[in-house]
2 protein chains.
Amino acid sequence: MCGALLKKLESYVRLSHSDKKALESAFAEAPNWVGARKDLIREGETPQGVNLIMEGWAYRYKQLEDGRRQILAFFLPGDLCDLNIELLRTMDHSIGAITSVKYQSVSSARIEQLTNTSPRVEKALHWETLVNIAIQREWTVNLGQRRGIERIAHLFCELFLRLSAIGQTSASECEMPLTQTDLADATGLSAVHANRVLQELRSTQVISFNGKKLKIHNFSLLREISLFDESYLHLHTEGSKFDAP
Amino acid sequence: MCGALLKKLESYVRLSHSDKKALESAFAEAPNWVGARKDLIREGETPQGVNLIMEGWAYRYKQLEDGRRQILAFFLPGDLCDLNIELLRTMDHSIGAITSVKYQSVSSARIEQLTNTSPRVEKALHWETLVNIAIQREWTVNLGQRRGIERIAHLFCELFLRLSAIGQTSASECEMPLTQTDLADATGLSAVHANRVLQELRSTQVISFNGKKLKIHNFSLLREISLFDESYLHLHTEGSKFDAP
DNA sequence: CGAGCGATTGATCATAATCAAGCGATGTGG
DNA sequence: CCACATCGCTTGATTATGATCAATCGCTCG
């Protein structure tokens with residue numbers, strides 16, 4: 001069972017029947033569970049293979065000596081944490097669960113076997129990695145150049161589109177199990193200021209956000225506010241060089 | 001000729017004689033030159049293989065519609081721009097030269113041939129990629145959590161250590177061909193504020209910085225100011241799992 | 001020589017952090 | 001079951017950090 005991952009990879013490249021079989025059999029181990037707000041792996045530990053998030057949300061973060069926390073990425077269902085990370089001997093960051101999370105840990109040997117079986121899956125996974133790096137770059141732009149309201153609006157645009165790529169949005173609504181403190185730590189704002197930014201977005205009828213649900217009433221305005229340009233997500237695949245026939 | 005790259009890879013892993021030969025022959029094409037402040041490749045263009053920076057400094061950047069520019073990375077000699085990027089069909093950012101730059105463009109086919117010849121080089125290049133991603137994450141932390149003076153101090157620490165890994169530092173001095181505007185765009189500050197931060201660092205005897213030279217008089221103080229922890233650079237390799245005999 | 005760039009300075013303004021307090025919902029132990 | 005603690009959200013007041021605007025100066029280069 002790796003439906004969300006498969007769905008996402010298929011938005012990058014057309015896979016053959018045997019590609020899909022290979023993918024499914026690589027991710028067929030018994031899943032693990034971790035409770036909300038627990039860590040999957042901590043800075044300083046030794047990484048073991050890859051984690052595939054199957055259900056729930058997780059996040060990557062780094063903490064400074066004095067306690068300041070920066071959230072570096074959100075992992076949604078179908079996301080892989082750190083392909084190839086086992087080459088580095090110690091984790092330079094931590095990964096934690098936001099909700100309770102169902103995930104699968106896959107050894108690097110198993111991944112290698114998969115990519116040997118199916119070069120197209122290998123490329124799709126590479127693509128996935130490249131997109132994650134592009135997202136990390138865009139977060140750097142977000143923190144360096146955008147103001148508070150722009151940052152939060154941008155993050156909402158990104159998360160909505162990524163959820164939409166795995167079929168987890170309705171027309172204009174999606175899950176958003178983040179606290180305001182999470183939002184603040186992801187956007188480099190204080191929790192108090194994040195709260196005020198949200199109030200502004202709500203009062204201008206752009207979004208509603210409560211009870212872990214985000215509703216975007218005016219996506220094009222949200223995009224305009226945040227100077228959002230989705231091309232960094234590289235979501236659309238027509239004419240990929242390496243499609244299956 | 002790929003001395004800086006080789007030197008850097010050897011700080012990750014011990015390579016055999018034939019590994020080095022394979023590496024050298026892959027990067028043996030005639031080099032290209034690009035003038036200072038010219039672009040190597042622009043957002044929206046189609047990427048072709050990999051660029052190895054051989055001499056000079058380059059940088060990765062992204063520009064918002066309204067002109068704001070964020071510098072995302074600096075490329076020093078021995079750095080590879082975007083291994084595997086050719087999978088994505090369009091560049092989502094630009095790469096420009098800071099000084100005049102000597103570089104080599106290598107096709108992805110040639111790279112694949114190299115990694116097929118030498119699995120150890122393949123792993124070293126993977127390592128290199130992972131370190132670049134770790135640097136990108138650290139920049140995200142820098143912009144999200146650190147104040148102006150901490151950001152600039154942190155950047156100086158990083159660049160000094162990276163230059164030191166390729167043998168381009170003397171005791172406490174290194175090249176630093178950045179303008180204050182470059183520094184500002186890399187750290188998400190205004191040029192005016194970057195100037196004031198530099199004055200503060202100079203007046204407290206921590207560094208001197210003029211004429212494209214940076215001198216660090218008190219590295220441990222600089223590290224303390226910026227809460228710098230070099231582990232994200234993953235520079236030290238004793239006991240790597242995949243050393244050559 | 002003049003233009004333009006990079007560095008610098010001063011004054012003012014905007015954005016966001018910090019501090020402090022309170023509120024409502026949830027959960028827990030006595 | 002209630003008392004109490006905790007967490008997440010909210011509000012107001014004050015302060016700090018850094019942006020913006022404007023001007024100057026030195027230097028290099030054509």
Side-chain angles (χ1 to χ4, degrees), chain A residues 35-38 57 64 66-71 96-100 142-155 176-203 207-214 225-227, chain B residues 35-38 57 59 64 66-71 96-100 142-155 176-203 207-214 225-226:
Chain A
R37 303 292 160 182
K38 305 279 180 208
W57 288 34
L64 299 184
D66 65 5
R68 287 178 265 178
R69 176 182 75 149
Q70 177 64 41
I71 292 182
I98 290 174
T99 62
S100 75
N142 210 25
L143 293 171
Q145 299 300 324
R146 292 194 181 86
R147 299 177 317 131
I149 192 170
E150 299 170 332
R151 292 185 205 175
I152 289 191
H154 192 278
L155 180 60
M176 186 65 57
L178 306 176
T179 65
Q180 294 187 1
T181 302
D182 292 331
L183 273 178
D185 287 350
T187 51
L189 303 172
S190 69
V192 170
H193 196 62
N195 176 279
R196 289 177 172 138
V197 164
L198 286 173
Q199 284 175 52
E200 189 177 343
L201 286 172
R202 283 192 280 240
S203 72
I207 60 162
S208 26
F209 175 42
N210 27 41
K212 308 299 173 201
K213 289 261 184 211
L214 172 70
I225 288 171
S226 57
L227 301 170
Chain B
R37 303 293 160 182
K38 305 280 179 206
W57 288 35
Y59 68 120
L64 300 185
D66 64 6
R68 286 177 267 179
R69 177 182 75 150
Q70 177 66 41
I71 292 181
I98 289 174
T99 62
S100 74
N142 211 24
L143 293 171
Q145 299 301 322
R146 292 194 180 86
R147 300 177 317 131
I149 193 170
E150 299 171 333
R151 291 186 206 174
I152 288 191
H154 192 278
L155 180 59
M176 187 65 58
L178 307 175
T179 65
Q180 293 187 1
T181 303
D182 292 331
L183 274 178
D185 287 350
T187 52
L189 303 172
S190 69
V192 170
H193 195 63
N195 176 280
R196 287 174 175 139
V197 164
L198 286 173
Q199 285 175 52
E200 189 176 343
L201 286 172
R202 281 192 281 240
S203 72
I207 60 162
S208 24
F209 174 42
N210 26 41
K212 309 298 175 201
K213 289 263 183 209
L214 172 70
I225 288 171
S226 57

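In what follows, chains carry the letters A, B, and so on, assigned in the order in which the sequence lines appear, proteins first and then strands, with residues in each chain numbered from 1.
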- Item | Audit row: B/Phe209, B/Ile152, side-chain contact (heavy atoms from CB on, under 4.5 Å) steps and yes/no | CA-CA 12 Å; B/Phe209 174 42; B/Ile152 288 191; over 6 Å; no

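- Atom CD of A/Gln180 is separated from atom P of C/dC23 by 18 Å (rounded to the nearest Å).
- The CD atom of A/Glu150 lies 4.5 Å from the CZ atom of B/Arg68; values are rounded to the nearest 0.5 Å.
- Between C/dA7, C/dG10, C/dT15, one nucleotide has an atom nearer to the side chain of B/Arg196 than all others, and that is C/dG10.
- Heavy-atom distances under 4.0 Å link DNA chain D to A/Val192, A/Asn195 of residues 182-195 of chain A, given in residue order.
- Of the side-chain N and O atoms in B/Gln199, none sit less than 4.0 angstrom from OP1 or OP2 of C/dT8.
- The environment of B/Lys212 atom NZ is dense: over 12 non-hydrogen atoms of other residues, nucleotides or ligands sit within 6.0 angstrom.
- Side chain of B/Gln145 to main chain of A/Arg69: a donor-acceptor pair is present (N/O by atom type, distance under 3.5 Å, no hydrogens or angles).
- Counting only heavy atoms from C-beta on, A/Lys212 has its side chain closest to D/dC9 among C/dG6, D/dC9, D/dT10.
- Contact check, A/Arg68 against C/dT18: no side-chain N or O comes under 4.0 Å of OP1 or OP2.
- One interatomic measurement links the two molecules: CZ of B/Arg147 to C1' of D/dA16, which rounds to 9 Å at whole-angstrom precision.
- Of the possible polar contacts, none joining the B/Thr181 side chain to the B/Ala191 backbone as a donor-acceptor pair under 3.5 Å is found.
- Between the base of D/dG18 and the side chain of B/Arg151 there is no donor-acceptor pair shorter than 3.5 Å.
- Rounded to whole Å, the distance from CD on B/Glu150 to P on C/dA17 is 14 Å.
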- Should B/Leu201 and B/Ile225 be marked as a side-chain contact (heavy atoms from CB on, under 4.5 Å) after you check the CA-CA gap, both sets of side-chain angles, and the distance that decides it? CA-CA 10 Å; B/Leu201 286 172; B/Ile225 288 171; 4.1 Å; yes

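- Atom-to-atom, CG of A/Leu143 to P of C/dA16 comes out at 12 Å; the value is rounded to the nearest Å.
- Atom CG of A/Asn210 is separated from atom C1' of D/dT10 by 14 Å (rounded to the nearest Å).
- Taking atom CD of A/Gln145 as the reference point, atom P of C/dA16 lies 13 Å away to the nearest angstrom.
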- Apply the test side-chain contact (heavy atoms from CB on, under 4.5 Å) to residues B/Arg37 and B/Thr179: give CA-CA distance (whole Å), side-chain angles for both, the deciding distance (0.1 Å), then the verdict. CA-CA 11 Å; B/Arg37 303 293 160 182; B/Thr179 65; 3.9 Å; yes

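- At least one donor-acceptor pair closer than 3.5 Å links the side chain of B/Gln70 to the backbone N or O of B/Asp185.
- Between the A/Arg146 side chain and the A/Ser226 main chain, a donor and an acceptor come within less than 3.5 Å of each other.
- Atom CG of A/Leu201 and atom P of D/dT10 are 13 Å apart (whole Å).
- If you measure from atom CG of A/Leu198 to atom C1' of D/dT11, you get 15 Å, rounded to the nearest angstrom.
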For nucleotides 25-30 of chain D, give me every protein contact, N/O to N/O, under 3.5 Å, one pair per line with atom names.
none

